[in-house]
Number of protein chains: 2
Amino acid sequence: MQNTLDKTRRDELIDAASHLFRSQGYERTTVRDLAQAVGMQSGSLFYHFKNKAEILEAVMAKGVADITAVAEFALEGVTEPKEKLRRLVTGHLTALLGSSQHALEVLLYEWHSLSTEARDRIVQLRDRYETLWQQVLDEAATAGLVHPDTTFLRKMIFGSLNWTVQWYRPDGSMSIEEMGDRMLNLILRG
Amino acid sequence: MQNTLDKTRRDELIDAASHLFRSQGYERTTVRDLAQAVGMQSGSLFYHFKNKAEILEAVMAKGVADITAVAEFALEGVTEPKEKLRRLVTGHLTALLGSSQHALEVLLYEWHSLSTEARDRIVQLRDRYETLWQQVLDEAATAGLVHPDTTFLRKMIFGSLNWTVQWYRPDGSMSIEEMGDRMLNLILRG
DNA sequence: CCTACCGATCGGTAGG
DNA sequence: CCTACCGATCGGTAGG
């Protein structure tokens, strides 16, 4: 029971931290900002987290976990390589520009604020997600749908996907699904 | 004469700041770190710059100016659309991963530390560079070399290019030129 | 989770 | 460009 309550409060903190770290940056956000955002005293933060760095790691870990879950769910029951790829693209964009936007932007832009140990742990989580992509791209290459150098291709795709946070505006004329389809068009051969 | 000396010292500071802001982040870098890097007292920094934020802006402005100069030089005398595109790609990678690496990474990753006024000024500089690309891509599209939606394509390309800082290692087996050619291969139609 | 607090450090300034 | 310094703020802790 107490564990459940702890978890909720912890999640609230991670959520608030995602927002603050993303809009002001990690270093610029003070523990006082964060405490105020969830309505507690700054000293009380350290009942939930050992230190400020641990909060950053938790935000990033949540970001990777979220986008991985989205991808796994999107692939469920799908067998056609092209459709798998389409769903991975759309899923990535949906998480990045919608549901897990803040945590994922923190993941992308606060890398240098992580300790090397924390970095290793996040890399491990990220690798699982990248493996998912690699497998789908390999299938697609076997089917002749994409360029055979899938490792290189994957890096190019990741770059394009992640860059969307720099320019995509949800209130514009292009929906996330439409953007995904356009990207897929550029990725597919011929 | 004094102006020349001032400029040199200023440039030294911008160089040192590029390195420090990139490796530690802007907020984490103190004016004392920076002063020590060029061998002066921390208070003396403010003889050269009004405040810390002005140094960040100077670093970023130098980054954009550098990469624009590289692009303009690379295009000089070239008339064939495909070759123009190849040179833009290679030029971008050369600046980003080599000659102006630090300043450009700061430009990519410290965006949220800029004031809105400084942001506007940097955007203006960046627009000039993007226009260069847009024109070359439009020529290439007219020649049927690339997908006709060049605005979208340009954003995808920028993403792929800028993402290379996350994974490219100069001591690996792939040279920058080779990487450029591979990217061009994915960009070109057919 | 709060109260009360501390040591350290930060960006920046005045006066030369 | 240096010396000497300040007010503000920071992450974190002890004790409850």
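At whole-Å resolution of the value, CG in B:Asn51 and P in C:dT13 are 8 Å apart. In this structure, the CZ atom of A:Phe21 is 12 Å from the C1' atom of D:dG11, given to the nearest Å. Taking atom CG of residue B:Leu56 and atom C1' of nucleotide C:dG11, one finds them 15 Å apart after rounding to whole Å. Put simply, CG on B:Leu34 is 12 Å from P on C:dG12, counting in whole angstrom units. Counting to the nearest Å, the C1' atom of D:dG11 and the OH atom of A:Tyr26 are 9 Å from each other. Straight-line distance from the CG atom of B:Asp33 to the C1' atom of C:dT9: 11 Å, rounded to whole Å. At whole-Å resolution of the value, CG in B:Leu45 and P in D:dC2 are 10 Å apart. Across the protein-nucleic acid pair, B:Glu27 atom CD and D:dG11 atom P stand 11 Å apart, rounded to whole Å.
Taking the charged nitrogens against the carboxylate oxygens, B:Lys84 and B:Glu80 have no contact shorter than 4.0 Å, which rules out a salt bridge. The pair A:Glu178-A:Arg182 meets the salt-bridge criterion, since a charged nitrogen lies less than 4.0 angstrom from a carboxylate oxygen.
Candidate nucleotides C:dG12, D:dC1, D:dG11 were compared by shortest atom distance to the side chain of A:Lys52, and D:dG11 ranks first. Minimum atom distance to the side chain of B:Met40 is reached by D:dC2, of the listed D:dG11, D:dC2, C:dG11. In this structure, the nucleotide among C:dG11, C:dC1, D:dC1 sitting nearest to the side chain of B:Phe46 is C:dG11. Distances were taken from every side-chain heavy atom of A:Ser44 (C-beta onward) to each of D:dC1, D:dC10, C:dC1; the shortest belongs to C:dC1. For B:Arg32, counting side-chain heavy atoms from C-beta on, the closest listed nucleotide (C:dC1, D:dC1, D:dC5) is D:dC5. Distances from the side chain of B:Ser42 to the nucleotides D:dC1, C:dG12, D:dG12 place C:dG12 closest. For B:Gln41, taking side-chain heavy atoms from C-beta onward, the closest of the listed nucleotides C:dC2, D:dT3, C:dC10 is D:dT3.
In the model, B:Thr150 has a side-chain atom that pairs as donor or acceptor with a side-chain atom of B:Gln134 under 3.5 Å.
Residue whose closest nucleotide on DNA chain D sits further toward the 5' end, between A:Gly43 and A:Arg28: A:Arg28.
In this structure, D:dG15 forms a base pair with C:dC2, meeting either the Watson-Crick or the G-U wobble geometry with both donor-acceptor distances under 3.5 Å.
Looking at heavy atoms from C-beta onward, B:Leu104 lies out of side-chain contact with B:Asp66 at the 4.5 angstrom threshold.
Using cut-offs of 30° and 60° for the angle between ring planes, the B:His92 and B:Trp133 rings count as perpendicular.
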